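Below: the structure, in structure tokens.
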Amino acid sequence: MAQEVFSICFMCTIRCPIRVLVENDDVKWIEGNPHVPGIEGALCAKGSAGLALLHDHERPQHPMIRTGPRGAGEWQKATWNEALDYVGDRLKEIIKQHGGQSVVFGERTNLNTHISKTFVKAIGSPNHFTHDALCKGSVNTAFRSLTGFTDAQVGVDYANTRYIVMYGRNIFEALEIKPINNLLNAMEKGAKLIYIDPRVSITATKADRYLMIRPGADLALNYALIHTILKEKLYDAPYVRRWVKDLKELQAFVSPYTPEWAEAECGIPAHEIVTLAREAAAAKPAVVFHYGYRGAHHPNEIYFRRSLIILNALMGSIEAKGGIFFKKGPKAFGLGDIRKYTEQELPKVKAPRFDGSGHDKFPIADASHGNPQMLAHAILNEDPYPIKALFANRFEPLQSIPDAAATRKALDKLDLIVAIDVNFSEIAWYADVILPESMYLERADSLQLVTGLKPQIYMRRQAVSPRYDTRPAWLILKQIAQRLDLGKYFPYETIEDIWNFQLQDLGVTIEDFAAKGFVALTDQTLLWDREKGIKFKTPSGKFELVSALMESAGFPSFPPYTPTPKSDNGAFKLMVGRGAAHTHMSTQNNLYLNELAPENFLWINTGAANHLGIKDGEVVEVVSPIATARIKAKVTDFIHPEAVFMLHGFGKTVPAQTRCYLKGASDALLQENISDRVGGSPCLDATMVRVRRPK
Ligand SMILES: Nc1nc2c(c(=O)[nH]1)N[C@H]1C(S)=C(S)[C@@H](COP(=O)(O)OP(=O)(O)OC[C@H]3O[C@@H](n4cnc5c(=O)[nH]c(N)nc54)[C@H](O)[C@@H]3O)O[C@H]1N2
Ligand SMILES: Nc1nc2c(c(=O)[nH]1)N[C@H]1C(S)=C(S)[C@@H](COP(=O)(O)OP(=O)(O)OC[C@H]3O[C@@H](n4cnc5c(=O)[nH]c(N)nc54)[C@H](O)[C@@H]3O)O[C@H]1N2
Ligand code: SF4
Ligand SMILES: [Mo]
């Protein structure tokens, strides 16, 4: 008889709840947790391919210590004691000679991040960073500048929306199951989806209206929308009067930005812009101008994200049913909070961060996440001090940070690189030590608090025993800390110890998760009172158009619009993104997913391709200011003539990953490392490239 285990998927960081059927310590079936509304059994292709990762012999099977030059693939198989001693000994030496700040620890935010942060503080380093700035740093700063909340504290009420506008938020490919199901239900009930992208993505094909925009010109469109909304008084007047500060300044600022002006800049006809403003206003406040994640990463990104959030405020949709809302945690319902190990008394760290986050280089970026795009600069220039060791835990600096060649060069300067990974990623292959983590079906992790209109807690339970000699990261970090005599900061032996600690203030027990895999902390939905109760966390307590946060750092809230330069003959904006079959750069070697999408292609407009003599399917060279790559062309009418597009995550160089080895091209190699210094994100869609037939 198969046994049912409720857990949490980790084929990507959306972390959908799953139900796993296990027989004889092997996984027979994975599906979405049927008890969770919005999930109800659904799983994406990547989630199903968790089975292939479990059984993959092309992943690290035991700890490994490098014996040859970095990246040469010469390894010595090690026991856990040998590998952990190796890391412990080197770390002790480095900290003694160069101080704790010389150690940088990067990870994709995960359920055990409170343990990683404890580890970094315990060794005396300020240098924990997450992927966040690379993903949505400027969204985060934009929200803080206007509302005082981070983007992570904001959600979209897809289920009840009546009108949703997405700018490169390619939700049906760069997917999240629950939001998609809720959105599809809303669309069945009549909600309208408007999609704006220089490329006809799958989401464009499902939209009620698709608008092809010039790459990088979304801000012009939004200023014209705001212009129209203010001029025609289409906004939610009582809401705006009550909550929105500095409307007059906004009005004066947008007055020159007419729909006709925007048409010339962004290519969307003026009458379409006016229609969009009027249609959205007719559905208010159940309207969403989606603030997005990744589409449209350009140097003006902070102002683009701000303009999107401002459109929501004008529609009165912030804290409205069918709009966007501030997520509520257990405290909002008068309950205790989930505990974290970072709450304990930890050594005080005086050194500034290595990346200038929240400091000189990115004064208003969120320093609790950092700015990983500064990694190569900090190492190569010893700015602000020498960096000697890097931990990459569930993070891939060689593919997730622009200008991979610079990153690789910087890594050569380090004394120690430790990779904690489930794959032979580029960084694992370049590391000194690989500490293989058990994959998610083989391990349990810290609990997940999902805040929202109804907060819930989810549990990742171990479904089967590890196939190979691997361990969970929460144990690996404790065992390294013990070798540095810092074990006292990790007061647990088992996952149950961690769970009991996390739950102690909540009146919930481990047993409560048995029936459905999660615990709902309330059955109430909480939206704040739109007349009296919205608790903006800005100095004024209002939605601040002129932002105290930005102005205090010397950044204007409304600088004049800078036009996007016209691409000349043969130069294109390189846009990147995700497809439904892969997670970033983690899954290209997965047996099932590799079959679905074995390589990436360069989308190029038919007219532009004809002009350059490029044929569909032919291998072309993409030349950026810093690198050249070869990739097959996909010649299509479905992309703007000023842009080319490729999927992120290909062009891998690790021979141990035989299925994806040298397939397609790596975007990180081609992208220049330019940042939006106000918002904090690198501009991943802003590199200009030329395309040519190979000589
Ligand atoms: N299958 C899958 N799903 C995922 C993930 C995954 O790895 N795989 N990752 C998750 C994560 S971490 C994230 S951040 C989200 C990302 O979710 P999205 O941000 O929706 O995803 P991207 O694939 O980056 O989509 C970028 C889109 O922006 C468009 N774009 C580029 N430049 C411009 C521009 O100037 N203007 C406009 N309007 N559009 C532009 C591109 O053509 C592309 O279609 O997806 C999440 N879901
Ligand atoms: N050039 C370029 N850079 C980008 C992007 C882009 O489109 N182009 N997108 C940006 C975005 S939106 C994001 S969110 C980030 C994502 O950046 P990353 O977080 O670096 O990417 P992921 O693919 O999510 O996974 C990183 C690593 O985690 C490993 N991994 C997977 N599962 C586990 C596990 O259970 N345990 C451990 N220890 N390791 C595991 C994978 O093998 C991989 O090496 O990249 C950003 N950077
Ligand atoms: S979106 Fe797919 S891969 Fe990501 S957590 Fe959900 S089921 Fe897993
Ligand atoms: Mo992301």
Side-chain angles (χ1 to χ4, degrees), residues 9 12-17 32-33 35-44 47 135-136 139 143 147 149-197 201-210 276 279-280 282-295 305 308-309 311-313 315-328 450-456 458 518 520 523-528 530 578 580:
C9 181
C12 84
T13 38
I14 304 299
R15 293 190 279 259
C16 299
N33 184 334
H35 301 296
V36 178
I39 294 285
E40 293 141 33
L43 197 68
C44 81
C135 170
K136 53 191 183 59
V139 187
F143 264 111
T147 70
F149 289 89
T150 71
D151 64 303
Q153 294 166 318
V154 178
V156 173
D157 186 9
Y158 292 98
N160 296 301
T161 195
R162 293 180 51 217
Y163 198 85
I164 182 162
V165 191
M166 293 192 172
Y167 299 64
R169 174 65 191 103
N170 184 11
I171 194 165
F172 291 111
E173 290 181 272
L175 48 83
E176 296 173 68
I177 290 181
K178 210 172 176 179
I180 289 180
N181 284 342
N182 286 336
L183 176 60
L184 288 173
N185 285 339
M187 286 168 77
E188 258 170 42
K189 287 188 269 165
K192 294 273 176 288
L193 166 64
I194 314 301
Y195 186 73
I196 299 160
D197 193 320
S201 66
I202 296 289
T203 307
T205 67
K206 296 207 183 298
D208 293 277
R209 188 161 343 121
Y210 162 67
L276 183 55
E279 278 185 5
K284 70 178 183 287
V287 173
V288 177
F289 281 86
H290 199 289
Y291 38 87
Y293 289 113
R294 274 292 341 290
R305 301 299 171 194
L308 287 165
I309 303 163
L311 282 163
N312 285 291
M315 294 292 107
S317 75
I318 301 178
E319 286 296 296
K321 191 174 175 191
I324 67 177
F325 57 85
F326 296 117
K327 293 178 181 172
K328 315 297 184 301
V450 178
T451 54
L453 293 174
K454 293 181 193 178
Q456 296 162 334
Y458 288 83
F518 71 101
D523 50 13
Q524 305 290 312
T525 296
L526 182 59
L527 278 173
W528 286 324
R530 284 159 52 80
R578 279 128 275 278

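Worth knowing before you read on, the calculation uses all heavy atoms, side chains too, and leaves out hydrogens, waters and symmetry mates. Source: prediction; values computed, not measured. Count residues from 1 along the sequence.
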Legend entry - Distance in Å, Q456 CD paired with L453 CG, rounded so as to fall on 0.5 Å steps: 10.5 Å
Determine all donor-acceptor pairs shorter than 3.5 Å in which one atom belongs to a side chain in residues 171-179; sequence neighbours excluded.
| unit_1 | atom_1 | unit_2 | atom_2 | d |
| --- | --- | --- | --- | --- |
| E173 | OE1 | N170 | ND2 | 2.9 |
| E173 | OE1 | I202 | N | 3.0 |
| E176 | OE2 | R169 | NH2 | 2.8 |
| E176 | OE2 | Y293 | OH | 3.1 |

Legend entry - For V165, the option from V287, L276, N312 that meets side-chain contact (heavy atoms from CB on, under 4.5 Å): L276
Inset, instruction - Could you tell me the separation between the CG atom of N185 and the CG atom of N160, rounded to the nearest 0.5 Å? - result: 10.5 Å
Legend entry - Within-4.5 Å side-chain heavy-atom neighbours: L526 and F325: no
Legend entry - Spacing of T161 atom OG1 and N182 atom CG [to the nearest 0.5 Å]: 11.0 Å
Inset, instruction - Measure the CD-CZ distance between Q153 and F143 for me, rounded to the nearest 0.5 Å. - result: 10.5 Å
Legend entry - Interatomic spacing from CE in M187 to NZ in K206 - rounded to 0.5 Å: 8.5 Å
Inset, instruction - Would you check if Y291 and V156 make a side-chain contact, meaning some heavy-atom pair closer than 4.5 Å? - result: yes
Inset, instruction - Report yes or no: does K327 contribute a side-chain atom to a donor-acceptor pair with the main-chain N or O of A152 at less than 3.5 Å? - result: yes
Inset, instruction - Give the minimum heavy-atom separation between K192 and D208, together with the two atoms involved. - result: CA-OD2, 3.3 Å
Legend entry - M315 and L311, any side-chain heavy atoms less than 4.5 Å apart: no
Legend entry - Contact check, side chains of I318 and F326, non-hydrogen atoms, under 4.5 Å: yes
Inset, instruction - For atom NZ of K321, decide whether the heavy atoms of other residues, nucleotides or ligands shown that lie under 6.0 angstrom number more than 12. - result: no
Inset, instruction - Please tell me if the side chains of I194 and Y163 come closer than 4.5 Å, counting only heavy atoms from C-beta onward. - result: yes
Inset, instruction - Looking only at non-hydrogen atoms, find the nearest pair between G322 and V288 and report the distance. - result: O-CG2, 3.6 Å
Legend entry - Nearest atoms (heavy-atom pairs only) where G316 meets P285: O-CB, 3.3 Å
Legend entry - From CZ (R162) to NZ (K189), nearest 0.5 Å: 11.5 Å
Legend entry - For H290, the option from Y195, Y167, Y158 that meets side chain to side chain donor-acceptor pair (under 3.5 Å): Y158
Legend entry - Check: I39 and N181 side chains under 4.5 Å, non-hydrogen atoms: no
Legend entry - Side-chain heavy-atom pair W528, K328 within 4.5 angstrom cut-off: yes
Legend entry - Nearest non-hydrogen partners of Y458 and V450, listed with the distance: CD1-CG2, 3.5 Å
Legend entry - E188 side-chain N/O to A186 backbone N/O, donor-acceptor pair under 3.5 Å: no
